[in-house]
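One structure is given below, encoded as structure tokens.
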Amino acid sequence: MLQQDNRLKKKVAFTATYNNKNSKHKNGITVYFGREKKEDEELKIGFVVSKKTHKRATKRNRLKRLMRESCRLLIKNGFTSDYLSLIFVGHESALNLTFKEIDESIKSLLGVKDGGNL
RNA sequence: UUUUGCAGCCGGAUAAUCGCGCUUUAAUUAGUGAGGAAAGUCCGUGCAUCCAAGGACAGAUUCCCGGAGAAACUCCGGACGGCGUGAGCCGGUGGAAAGUGCCACAGAAAUGUAGACUGCCGAUGGAUUUUAUAUCACAGGCGAUGGUGCAACGGUGAGUUAAGAGCUUCACCGCAGAUACCGAGAGGUAUCGGGCAGGUAAACCCGAAUCGGAUGCAAGAUAAAUUUGAAGGCUAAGGUUGUCCGCCAUCUUCAGACAUAUCGCUUGCGGCUGCAAGUAAUUACAGUCCCAGACAAAUGAUUAUCUAAAAACAGAACACGGCUUAUGAGCUGCUUAGAAAG
RNA sequence: GCGGGAGUAAUUCAGUGGUAGAAUGCUUCCUUGCCAAGGAAGAUGUCGCGAGUUCGAGCCUCGUCUCCCGCU
């Protein structure tokens, strides 16, 4: 779980990010980018795995936790983005991946170089 | 040793680092943090709001007996029936003699103590004949016979008879009834008389028992806000059980839309231990403990060691009692059948 | 979390407990110089799945799976 400041919560913020129509995809994970942020604003990140992806709550929760853990480690190592908000959407093909595979694909989606320690 | 059935347990462990929810603290200080099914939502409760003077009809649910339980399509013990060599397992198990419907095809006939047809008989009556014998499907008697069907009006064998038949004739058996005994009861056993009018009620129905209704924590309470539309002067619209009657409330009211915080929210028909009653379900008493409470929603990641192995089904959202379904590997107790040896 | 509905041919749907049907599509043939239209014939079903009641279930009862919808 991320810290409170970095969570994307409001429904309005989610729809605004989706409507920006700026997205990338890799290994069953899609990232939506929000608008560019101003200097005094915090980065907000949300995670979505739809009920249509898989029926069982445990498998959906597992994918969300793995994506969260990857982002947490990135932020801890000093990662910042030019965008105000990010949404990660997990799809069916990503359900059975390990943490390392998800970590690598998220890093490449965000343009972080291997190693990660900035 | 192979194997069967039943009951129960477990549901990864330990350490380090980086993290999250809630409570707490001066302080990342300290504490605590998913299940046996948290699931399906199939039953039943609590709790909350609104309505309810009520009445009639309709409706819903249950269905062997006794007990437990707040209640239940619940549990325990028994009865009966079915399955299994057996331990054991399964069962929505009142009534078909209140009435109605249905029973395709086949078959003479599918419910009405029936029988057109195929048949059997010609005792009795009649005809032919002098009479008897004999002949005649003439009246009449009969329901044994019929390549059917899930099912043919109790079954099998003998007697009786003209031919025949449960025919108050017999033997054995089946179903139902009465009486006696046993049992708390469902029911069981024996005897008697001689009743025998298919099946289907998970078809309508009949009987008995039970039932305030609607909405579900997205219930609802409090606080502070934004905004749209409509209507009238006792009318429209609304609520009240499915219908009808009846009833309720109001002058500024009614119908919405958007959206925030706090409460509801976890101490409860609670858990654990001991002891007592009971075949058991369960109950009584004593001691002790406080054990998730989120709201884009907390349990994860990495490393090392252990085990056959970086385990199966699977994630709380107001709570509880059941039921049903999913579930890896293994362990414990009792137990069935077979084989071999002593 | 709570409530409601559906599942039958490739598709859209009918179907009183008694031999599973219609339309469209598909295949073959006829017609035409060729195609379309038209005509004739034919194939295609685990009635979502598993039990039960019944002589006999697509239909009745129970369980289960999948899909859809509403409240936010």
Side-chain angles (χ1 to χ4, degrees):
Chain A
M1 197 59 210
L2 300 173
Q3 290 190 335
Q4 290 281 355
D5 295 339
N6 292 330
R7 290 187 205 172
L8 189 59
K9 284 188 173 182
K10 303 201 175 187
K11 193 173 181 178
V12 178
F14 268 83
T15 51
T17 309
Y18 284 131
N19 289 335
N20 205 31
K21 293 183 178 174
N22 184 3
S23 64
K24 285 185 182 177
H25 182 89
K26 188 176 186 183
N27 284 349
I29 299 174
T30 310
V31 190
Y32 289 87
F33 298 95
R35 66 175 169 82
E36 295 183 2
K37 73 173 179 182
K38 297 164 190 169
E39 282 197 3
D40 54 344
E41 288 176 325
E42 289 275 359
L43 174 67
K44 304 262 186 189
I45 306 180
F47 301 91
V48 173
V49 180
S50 162
K51 205 169 183 178
K52 288 177 184 174
T53 308
H54 199 273
K55 202 178 60 173
R56 302 293 171 202
T58 39
K59 302 203 172 178
R60 284 185 269 121
N61 281 349
R62 168 113 190 127
L63 180 56
K64 280 166 79 174
R65 280 172 187 154
L66 290 178
M67 292 197 293
R68 247 186 232 134
E69 181 66 16
S70 172
C71 289
R72 184 184 69 79
L73 291 172
L74 280 175
I75 289 170
K76 191 190 168 197
N77 291 333
F79 168 77
T80 52
S81 175
D82 297 332
Y83 301 99
L84 174 68
S85 56
L86 302 172
I87 300 176
F88 293 86
V89 180
H91 295 286
E92 203 170 350
S93 57
L95 281 174
N96 292 320
L97 299 180
T98 60
F99 174 74
K100 283 185 179 174
E101 290 170 314
I102 286 173
D103 195 36
E104 283 173 16
S105 54
I106 282 180
K107 278 175 183 170
S108 72
L109 281 170
L110 296 177
V112 179
K113 292 186 178 175
D114 235 9
N117 45 349
L118 300 174

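Since this is a predicted model, take the numbers as computed values, not measurements. So you know, we letter chains A, B, ... as the sequences are listed, proteins then strands, and number each from 1.
For B:A176, there is no paired base (Watson-Crick or G-U wobble, both distances below 3.5 Å). As the counterpart of B:U332, B:A7 is assigned, both hydrogen-bonding distances of the Watson-Crick or G-U wobble pattern falling under 3.5 Å. B:U74 is paired with B:A68 under the Watson-Crick or G-U wobble criterion, all donor-acceptor distances under 3.5 Å. Across the strands present, B:A114 finds no partner; the criterion is a Watson-Crick or G-U wobble pair with both atom distances under 3.5 angstrom. Summarising the base pairing, B:G21 is matched to B:U32 through a Watson-Crick or G-U wobble pair whose two defining distances lie under 3.5 Å. Pair assignment for B:C323 gives B:G40, based on Watson-Crick or G-U wobble hydrogen-bonding distances that are each under 3.5 Å. Within the shown strands, B:C211 is the pairing partner of B:G59 under the Watson-Crick or G-U definition, both distances less than 3.5 Å. Pairing for B:G229 is with B:C254, a Watson-Crick or G-U wobble pair whose two hydrogen-bonding atom distances lie under 3.5 Å.
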What's the verdict on side chain to side chain contact (heavy atoms under 4.5 Å, CB included) for A:Y32 and A:V89, showing C-alpha distance, side-chain angles and the deciding distance? CA-CA 8 Å; A:Y32 289 87; A:V89 180; 3.7 Å; yes
Go through A:V49 and A:N61 one step at a time and tell me if the side chain to side chain contact (heavy atoms under 4.5 Å, CB included) criterion holds. CA-CA 8 Å; A:V49 180; A:N61 281 349; over 6 Å; no
Between the protein and nucleotides 65-68 of chain C, list every N/O to N/O distance that falls short of 3.5 Å.
| residue | atom | partner | partner atom | Å |
| --- | --- | --- | --- | --- |
| C:U66 | OP1 | A:K55 | NZ | 2.2 |
| C:U66 | OP2 | A:K55 | NZ | 3.3 |

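Atom name P, nucleotides B:A298 and B:G315: the rounded distance is 14 Å, in whole Å. Nucleotides B:G94 and B:G199 have their P atoms positioned 15 Å apart, rounded to a whole Å. Comparing B:G270 with B:C51, their P atoms are spaced 35 Å from each other, to the whole Å. Distance noted for atom P between B:A230 and B:C263: 41 Å (whole Å). With C1' as the reference atom, B:G220 and C:G1 are 16 Å apart, rounded to whole Å. Atom C1' of B:G242 sits at a distance of 26 Å from the matching atom of B:A236, rounded to the whole Å. Comparing B:C204 with B:G59, their P atoms sit 12 Å apart, to the nearest whole Å. For the P atoms, the distance from B:A178 to B:A152 is 29 Å, rounded to whole Å.
One can place CZ of A:R72 at 11 Å from P of B:U299, the figure rounded to the nearest angstrom. Between the CG atom of A:L74 and the P atom of B:C18 there is a distance of 18 Å, given to the nearest Å. Atoms CD (A:E69) and P (B:C20) sit 10 Å apart, rounded to a whole Å. Across the protein-nucleic acid pair, A:Y32 atom OH and B:A296 atom C1' stand 16 Å apart, rounded to whole Å. When the C1' atom of B:A298 is taken as reference, atom NZ of A:K64 falls 11 Å away, rounded to whole Å. The CE-P distance, from A:M67 to B:A296, rounds to 17 Å in whole Å. B:C20 atom P lies 17 Å from atom CG of A:L66, rounded to whole Å. Between A:I75 atom CD1 and B:C18 atom C1' there is a gap of 14 Å when expressed in whole angstrom units.
Annotation: side-chain hydrogen bond (donor to acceptor under 3.5 Å, both in side chains) contacts of A:T98 (sequence neighbours excluded): A:E101. With sequence neighbours left out, A:S108 forms a side chain to side chain contact (heavy atoms under 4.5 Å, CB included) with A:K26. For A:S85, the side-chain hydrogen bond (donor to acceptor under 3.5 Å, both in side chains) partners two or more places apart in sequence, or in a different chain, are A:T17. For A:I102, the side chain to side chain contact (heavy atoms under 4.5 Å, CB included) test picks out A:I29, A:L63, A:L66, A:M67, A:L97, A:I106, with sequence neighbours left out.
Considering A:I87, A:V31, A:I75 in turn, A:I75 is the only one that fulfils the side chain to side chain contact (heavy atoms under 4.5 Å, CB included) rule with A:I45.
With its glycosidic angle within 90° of 0, B:C291 adopts the syn conformation. B:G166 adopts a syn glycosidic conformation, its chi angle falling within 90° of 0. Using a 90° window around 0 for the glycosidic torsion, B:A34 falls inside it and is classed as syn. In B:U266 the base sits syn relative to the sugar, since the glycosidic angle is no further than 90° from 0. With a glycosidic angle no more than 90° from 0, B:G36 adopts the syn conformation.
Considering OG of A:S105 and NE2 of A:H25, their distance stands at 9.5 Å, rounded to 0.5 Å.
Base-pairing analysis of RNA chain C finds the following stems of at least three consecutive Watson-Crick or G-U pairs, with both pairing distances under 3.5 Å: C:1-7 with C:65-71, C:10-13 with C:21-24, C:26-30 with C:38-42, C:48-52 with C:60-64.
With respect to A:E69 and A:R72, a salt bridge is recorded, a charged nitrogen being found less than 4.0 Å from a carboxylate O.
A:K59 comes within 4.0 angstrom of no nucleic acid atom, judged by non-hydrogen atoms across all strands. At a threshold of 4.0 angstrom between heavy atoms, the contacts of A:L73 with the nucleic acid are absent.
Nearest heavy atom pair, residue A:F33 against residue A:L109, reads CZ-O, 4.3 Å. The shortest non-hydrogen separation linking A:A94 to A:G28 is CB-O, 3.7 Å.
A:D103 places no side-chain N or O within donor-acceptor distance of the main-chain N or O of A:F99, the cut-off being under 3.5 Å.
Closest approach to the A:A57 side chain among B:G19, B:A298, B:G315 is made by B:G315 (side chain taken as heavy atoms from C-beta onward). Listed candidates were B:G300, B:C18, B:G315. Nearest to the side chain of A:T58 is B:G315. Listed nucleotides B:A34, B:A297, B:A296 differ in distance to A:R65; the shortest reach to its side chain belongs to B:A34.
Taking the six-membered ring where the residue is Trp, A:F47 and A:F88 present parallel rings, their angle staying beneath 30° rather than reaching 60°.
Proximity of A:R62 to the phosphate of B:A301: a side-chain N or O atom is located under 4.0 Å from OP1 or OP2.
Of the two residues near RNA chain B, A:K100 and A:V48, the one whose nearest nucleotide lies more 5' is A:V48.
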